[in-house]
Amino acid sequence: MLPGQGRSAFPLLGNVRRVGRAVGRWIGLSLMAGSAALAAAPGPDHEYDAYSRPTVPAKLSGARSIGWVCIGTGFPTVVLTAGAGDWSVAWRKVQPAIATTTRVCAWDRPGFGFSSPSSDVQDLAHTEADLEAALSAADIRGPYVLVGHSMGAYETLRFTDRNRRNVAGIVLVDPAFPDQFRRLARDYPGVFKLQSSINIQNSRDLLACADGVRSGSIKPGSAVWSDCVGADPTYPAELHQRLARLATDPGRFTTQWSFTTAEFGNAEQVIDPRRRYGDLPLIVLTAADTPDFPASVAPASTTAEMKRMQVALWTKAHDRLAALSSRGENIIVGGSMHYIQLMKPDAVIAATMRVIAEARTARNRRGR
């Protein structure tokens, strides 16, 4: 898709931008509700209004900041971590509903959304450390219910490993899992080849954006500029304008490039065979389906291989994640592909509400 958007409609391909414009167009259309939505050019989507600026300041060392959108009040605090290439807007269909019962905070990784660029390598160790620092800097206190989509599961797992006593529950939304790319390369080479080609092209595109902004060869208002900024036509004008101003800093794109190049290695960093979460409330949501790729995206053999992978690897890996807790459960979400929070938001809302309720019950027991 476009830099800064992510918008992957299928498992494992979490950071899709422009591997041929046909890929981006097809993925975007696959997430739309039906043919009526395609009949007219999309207008502004005011679900984005709450994400037009950070709501809670989080100043880090080195004059950096992490963007937070926090709404609602109550216990526990829900922390939303988007998938690769995404930022807090990925939660627009679920965050307001959850906020009717408790405080819900979505954050942006460095270089995405409203977070500053970073000169640090954007591997899991650094992005998760920024999450910890940003929670402290913004005075967003736990205990937390952590909700992570796709590769956002990696920060979720690492944060829980490091802060177990301050985590009240977990929801993983069609999560990436430890060691997944090595498993793909070994058992599903067609899917791995597609993921690798997308990752390589994303990296090239981001460096080209950085070079073009730095040299002035990419002009605001041009088609290339829109691709680099991630100018979704449904963004309200204020959001367009703010993201465009941020995109004048080439460091934004080099930070996204660093994150993109670290994705495969992050799957190794999160491996921990000793990981156990006792009776922590934990729900995994697994998409029931994968798309039928058009020939412009992938050959039919890759589509078939991905469908086999969905049953034999993806779902079983999610069973293992659920088994990290004696109360864990893997729920298959019918009628959904990878972006469950956009395609079936009620499933994410219900799972999160259930974990919140279980966390409150556990606190009440401890209080007696």
Side-chain angles (χ1 to χ4, degrees), residues 56 68-82 91 93-107 128-129 131-149 152-175 177-178 270 272-286 315 317-333 340-341 344-368:
V56 178
W68 284 102
V69 173
C70 292
I71 54 178
T73 58
F75 166 92
T77 300
V78 176
V79 176
L80 305 172
T81 301
W91 300 107
K93 291 186 179 295
V94 302
Q95 187 172 5
I98 299 168
T100 62
T101 191
T102 197
R103 191 180 195 201
V104 192
C105 295
W107 70 292
E128 190 278 332
L131 171 58
E132 291 191 35
L135 285 166
S136 177
D139 196 28
I140 300 171
R141 301 182 183 182
Y144 308 107
V145 166
L146 304 177
V147 182
H149 172 238
Y154 291 167
E155 284 102 344
T156 300
L157 293 171
R158 183 177 171 90
F159 184 95
T160 304
D161 295 343
R162 291 168 51 83
N163 302 274
R164 175 64 184 86
R165 292 184 178 181
N166 212 18
V167 175
I170 296 174
V171 177
L172 299 176
V173 182
D174 213 36
F177 56 88
V270 80
D272 184 356
R274 300 167 300 174
R275 181 179 288 122
R276 297 291 185 276
Y277 293 151
D279 63 352
L280 183 72
L282 191 163
I283 295 176
V284 181
L285 299 177
T286 297
T315 302
H318 289 180
D319 288 341
R320 290 192 294 273
L321 287 173
L324 292 173
S325 168
S326 62
R327 298 168 67 183
E329 181 180 358
N330 180 17
I331 299 172
I332 309 300
V333 181
I340 300 173
Q341 73 270 36
K344 296 288 183 178
D346 286 350
V348 179
I349 294 166
T352 306
M353 293 292 201
R354 183 174 141 195
V355 169
I356 290 168
E358 292 180 11
R360 289 172 174 168
T361 299
R363 182 183 66 167
N364 292 337
R365 283 200 209 97
R366 289 192 299 269
R368 283 199 292 268

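Computed from heavy atoms alone, side chains included, the values below leave out hydrogens, waters and symmetry copies. These numbers come from a predicted model, not from an experiment. Position 1 is the first residue of the sequence; numbering continues from there.
Put simply, the side chain of V173 reaches to within 4.5 Å of the side chain of V147, judged on heavy atoms. Considering only heavy atoms from C-beta on, L321 comes within 4.5 Å of P175 through its side chain. Residues R360 and T101 meet the side-chain proximity criterion, which asks for heavy atoms closer than 4.5 Å. Using a 4.5 Å heavy-atom cutoff, the side chains of L324 and T160 are not in contact. Counting heavy atoms from C-beta on, the side chains of E155 and V79 never come closer than 4.5 Å. In this structure, F177 and L157 have side chains that are not in contact, with every pair of non-hydrogen atoms separated by 4.5 Å or more. The shortest side-chain heavy-atom distance between P178 and D272 does not fall under the 4.5 Å cut-off. Contact check for N163 versus Y144: no side-chain heavy atoms found under the 4.5 Å cut-off.
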Task: Derivation and outcome, side-chain contact (heavy atoms from CB on, under 4.5 Å), residues E358 and I283 - done: CA-CA 11 Å; E358 292 180 11; I283 295 176; 5.5 Å; no

TODO: Show your working on side-chain contact (heavy atoms from CB on, under 4.5 Å) between Q341 and T352 and close with a plain yes or no.
DONE: CA-CA 11 Å; Q341 73 270 36; T352 306; over 6 Å; no

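Looking at R327, its side chain does come within 3.5 Å of a backbone N or O of D279 through a donor-acceptor pair. When atom types are taken as modelled, the side chain of T77 and the backbone of R103 share no donor-acceptor pair closer than 3.5 angstrom. The backbone N or O of T315 sits nowhere less than 3.5 Å from a side-chain atom of T286 that would complete a donor-acceptor pair. Of the possible polar contacts, one joining the R275 side chain to the V270 backbone as a donor-acceptor pair under 3.5 Å is found. Put simply, the side chain of H318 never gets that close to the backbone of D174: no donor and acceptor are under 3.5 Å apart.
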List the atom pairs, with distances to 0.1 Å, where a side-chain N or O of residues 164-172 and a protein N or O form a donor-acceptor pair under 3.5 Å, not counting sequence neighbours.
from : atom 1 : to   : atom 2 : distance (Å)
R164 : NH1    : V167 : O      : 3.4
R164 : NH2    : Y277 : O      : 3.2

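For the side-chain hydrogen bond (donor to acceptor under 3.5 Å, both in side chains) with T81, the qualifying choice from W107, Y154, W91 is W107, the only one to do so.
Taken from CG in L80 to CD in Q95, the straight-line distance is 5.0 Å, to the nearest 0.5 Å.
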